[in-house]
Amino acid sequence: MAIFINEPSHTFNEYLLIPGYSSSECVPANVSLKTPLVKYKKGEEPAITMNIPLVSAIMQSVSGDRLAVALATEGGVSFIYGSQTIEDEAAMVKRAKSYKAGFVTSDSNVSPDATMADVVALKEATGHSTVAVTDDGTANGRLVGIVTGRDYRVSRMDPETKVSEFMTPLEKLVCAKEGTTLKEANDIIWDNKLNSLPIVNEEGRLLYFVFRKDYDTHKQNPNELLDASKRYVVGAGINTRDYAERVPALVEAGADVLCIDSSEGFSEWQKLTIDWIRERYGDSVKVGAGNVVDADGFRFLAESGADFIKVGIGGGSICITRETKGIGRGQATALIEVCKARDEYFEETGIYVPVCSDGGIVYDHHLTLALAMGADFIMLGRYFARFDESPTNKVNINGTYYKEYWGEGSNRARNWQRYDLGGDKKLSFEEGVDSYVPYAGTLKDNVALSLSKVKSTMCNCGALTIPELQKKAKLTLVSATSIIEGGAHDVIQKEKSTAIK
């Protein structure tokens with residue numbers, strides 16, 4: 001007979017945290033949200049530690065290079081979507097990695113014979129206003145000048161004006177030689193009141209730029225997550241079909257961590273993928289796996305060598321896997337069981353494999369519940385899809401702005417690799433929907449607000465770190481009536497004013 005679990009599985013909304021003793025030290029400013037991204041041995045430090053416990057979902061409508069930069073700036077990691085060509089995904093990773101490197105390879109370059117129209121088109125394509133003028137128009141050509149927004153006026157100049165006529169020529173530029181340290185470069189920038197400093201070699205060929213805004217950005221964003229070379233930490237999604245071609249390209253592009261993107265991860269396909277990576281790269285390439293919903297699934301992927309394991313099947317807002325296939329589990333129950341298995345595995349082996357909760361987050365307080373239940377970090381799709389930095393269109397519907405949001409299993413994405421069971425290379429039926437989510441503004445503002453709520457609740461529980469929260473948390477199941485009681489009730493609410501004050 002089949003195995004029957006008679007206890008119902010539960011969602012986050014069926015739980016509440018019971019406050020614990022809070023000392024005078026328990027104030028949000030003292031809370032640390034640092035958390036491991038990848039596995040580590042007892043007594044050692046993880047290779048990657050995030051400053052906030054948030055990662056973005058491996059989805060076309062969520063994780064492009066722009067969101068990767070924005071999330072790393074706040075201390076989290078974005079996993080750039082893999083349901084695109086290998087070349088396009090690698091290019092996204094490369095753009096995100098080069099966006100903030102201290103020493104930045106120029107991606108906006110023209111020759112002296114180019115026109116103002118070329119400069120304007122380039123600025124629209126890259127979003128960067130500093131354009132290097134090299135003898136051959138390449139990123140490593142001999143530097144002959146620079147064009148910035150101060151050098152031309154679209155409304156007053158002929159679009160066909162040659163760059164050589166309005167650029168700031170080399171003899172008027174302050175440059176630094178190859179070998180200059182980042183600290184020395186920043187000193188030159190400040191001493192000469194520059195916005196950018198070109199770094200050239202002995203032959204006068206352009207190597208890098210160092211930008212004042214990068215220094216300012218770091219001071220304004222102390223949580224930003226950087227690698228050893230001061231570049232943003234960036235993740236990327238892979239699948240169990242073309243990993244032999246995709247993984248090398250993503251590693252070459254600079255991806256710090258990979259994640260197998262699959263709706264269901266308790267399979268030999270994931271083990272084969274991890275085995276291939278370990279045989280060729282050892283432990284130098286970090287790769288997460290999933291998704292699973294019970295202890296058996298966790299144990300399988302942990303023993304297969306996964307660096308972190310994702311939990312959740314069917315709980316995403318655009319996911320209809322449970323409806324179409326009848327598989328899945330309530331996210332809270334799945335998370336609690338898997339985190340217990342993680343702790344048991346740690347006790348047995350001395351290896352801590354972080355758990356990522358993926359799906360089921362509706363309200364901000366669900367983030368805190370997921371952490372209290374044992375999650376090391378949380379993967380979010382709908383949450384990030386609402387922001388300016390997601391790659392989707394913003395649309396106006398009846399006077400209200402929305403962002404487009406679709407599932408990887410939808411007819412629009414047709415990401416058959418995510419649902420691959422070794423059969424035909426196609427999506428036989430849909431497991432996701434195409435939808436809209438209310439537009440919410442910038443990632444920075446929303447993440448700051450959400451995490452302020454997390455920190456506040458942690459203080460109510462007497463915890464200043466995520467491990468302390470998991471140790472001290474007291475959780476209670478609530479009835480359907482209690483859920484209703486938790487919101488505003490038995491009053492007539494005033495309409496909220498839409499006026500700008």
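These numbers come from the heavy atoms of this one structure, side chains and all, not from hydrogens, waters or symmetry mates. Keep in mind the model is a prediction, meaning the values are calculated, not measured.
- For residues 48-68, the set of pairs meeting the ring-ring contact (aromatic ring centres under 6.0 Å, His included) definition, not counting sequence neighbours, is empty.
- Counting only heavy atoms from C-beta outward, the side chains of F384 and S63 never approach each other to under 4.5 Å.
- Looking only at atom types and distance, the side chain of S111 has no donor-acceptor partner in the side chain of D113 under 3.5 Å away.
- Taking the side-chain hydrogen bond (donor to acceptor under 3.5 Å, both in side chains) definition, one finds that N186 meets it with nothing, sequence neighbours left out.
- With rounding to the nearest 0.5 angstrom, the CE atom of M458 is 5.5 Å from the CG atom of L33.
- For the 3.5 Å distance criterion, the side chains of T392 and S61 fail to qualify, holding no donor opposite an acceptor.
- Considering only residues two or more places apart in sequence or on other chains, D135 meets the side-chain hydrogen bond (donor to acceptor under 3.5 Å, both in side chains) condition with none of them.
- Rounded to the nearest 0.5 Å, atoms CG (N398) and OG1 (T400) are 7.0 Å apart.
- Separation of atoms CZ (R156) and OG1 (T161) is listed at 14.0 Å; rounding is to 0.5 Å.
- Considering all non-hydrogen atoms of both residues, C26 and A463 come closest at SG-N, 4.3 Å.
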* To do: Any chance you could lay out the side-chain contact (heavy atoms from CB on, under 4.5 Å) test for N109 and T138, step after step, and finish with the verdict?
  => CA-CA 6 Å; N109 312 284; T138 68; 5.9 Å; no
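- Take R205 and apply the salt bridge (Lys or Arg N to Asp or Glu O under 4.0 Å) test, not counting sequence neighbours, and it matches E203.
- The minimum heavy-atom distance linking G305 with R278 is given by the pair O-NH2, 2.9 Å.
- Sorted by first and then second residue, the pairs that involve residues 158-202 and meet ring-ring contact (aromatic ring centres under 6.0 Å, His included), not counting sequence neighbours, are Y152-F166, W190-Y215.
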* Asked: Between V147 and V133, does a side-chain contact (heavy atoms from CB on, under 4.5 Å) hold up when you go through it step by step?
  -> CA-CA 7 Å; V147 172; V133 185; 3.8 Å; yes
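- Listed by first and then second residue, the side-chain hydrogen bond (donor to acceptor under 3.5 Å, both in side chains) pairs that reach into residues 444-455 are E74-K444, N221-K444, D364-S450, D364-K453, Y383-S450, T442-D445, sequence neighbours excluded.
- A salt bridge (Lys or Arg N to Asp or Glu O under 4.0 Å) check over residues 44-72, counting only residues at least two apart or in different chains, returns the pairs D65-R95.
- There is no side-chain donor-acceptor pair under 3.5 Å between S196 and T130.
- Residues in residues 58-98 take part in these ring-ring contact (aromatic ring centres under 6.0 Å, His included) pairs, two or more places apart or across chains: F79-F308.
- When all heavy atoms of A255 and V93 are compared, the pair lying nearest together is N-CG1, 3.6 Å.
- In summary, the side chains of D88 and T85 do present a donor paired with an acceptor at a separation below 3.5 Å, with no hydrogens or angles considered.
- Contact detail for F12 and G360: the closest heavy-atom pair is CD1-O, 3.4 Å.
- Between H365 and N13 there is a side-chain heavy-atom pair separated by less than 4.5 Å.
- Between T368 and S456, every side-chain heavy-atom pair lies at or beyond the 4.5 Å cut-off.
- Nearest heavy atom pair, residue E264 against residue Q270, reads O-NE2, 4.3 Å.
- The side-chain hydrogen bond (donor to acceptor under 3.5 Å, both in side chains) analysis of residues 166-180, with sequence neighbours excluded, yields the pairs D151-T168.
- For the pair I52/V447, a side-chain contact is recorded, criterion being any heavy-atom separation below 4.5 Å from C-beta on.
- When side chains are defined from C-beta on, D261 does not count as touching N239, because their heavy atoms never get closer than 4.5 Å.
- The shortest side-chain heavy-atom distance between F103 and V210 falls under the 4.5 Å cut-off.
- At a threshold of 4.5 Å between non-hydrogen side-chain atoms, the residues Q84 and M92 count as touching.
- For the pair G265 and V292, the tightest heavy-atom approach, listed with the atom from each and the gap, is C-CG1, 4.4 Å.
- Qualifying side-chain hydrogen bond (donor to acceptor under 3.5 Å, both in side chains) partners for E252, counting only residues two or more places apart in sequence or in other chains: none.
- Counting heavy atoms from C-beta on, the side chains of D256 and K286 never come closer than 4.5 Å.
- If you run side-chain contact (heavy atoms from CB on, under 4.5 Å) between V287 and each of I238, V247, V257, V38, only I238 comes through.
- Not a single salt bridge (Lys or Arg N to Asp or Glu O under 4.0 Å) links K193 to another residue, sequence neighbours left out.
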* Go through the steps to decide whether D376 and I466 satisfy the test side-chain contact (heavy atoms from CB on, under 4.5 Å), and finish with yes or no. => CA-CA 8 Å; D376 295 281; I466 293 172; 5.9 Å; no
* In sequence, state the C-alpha distance, the side-chain angles, and the governing distance for L71 and E389, and then conclude on side-chain contact (heavy atoms from CB on, under 4.5 Å). => CA-CA 9 Å; L71 185 50; E389 295 84 358; over 6 Å; no
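- Of the inter-residue distances, the one linking F211 atom CZ with L197 atom CG reads 10.0 Å to the nearest 0.5 angstrom.
- For N460 and T457, the side-chain atoms include no donor-acceptor pair closer than 3.5 Å.
- Applying the ring-ring contact (aromatic ring centres under 6.0 Å, His included) rule to pairs touching residues 108-151 yields nothing, sequence neighbours excluded.
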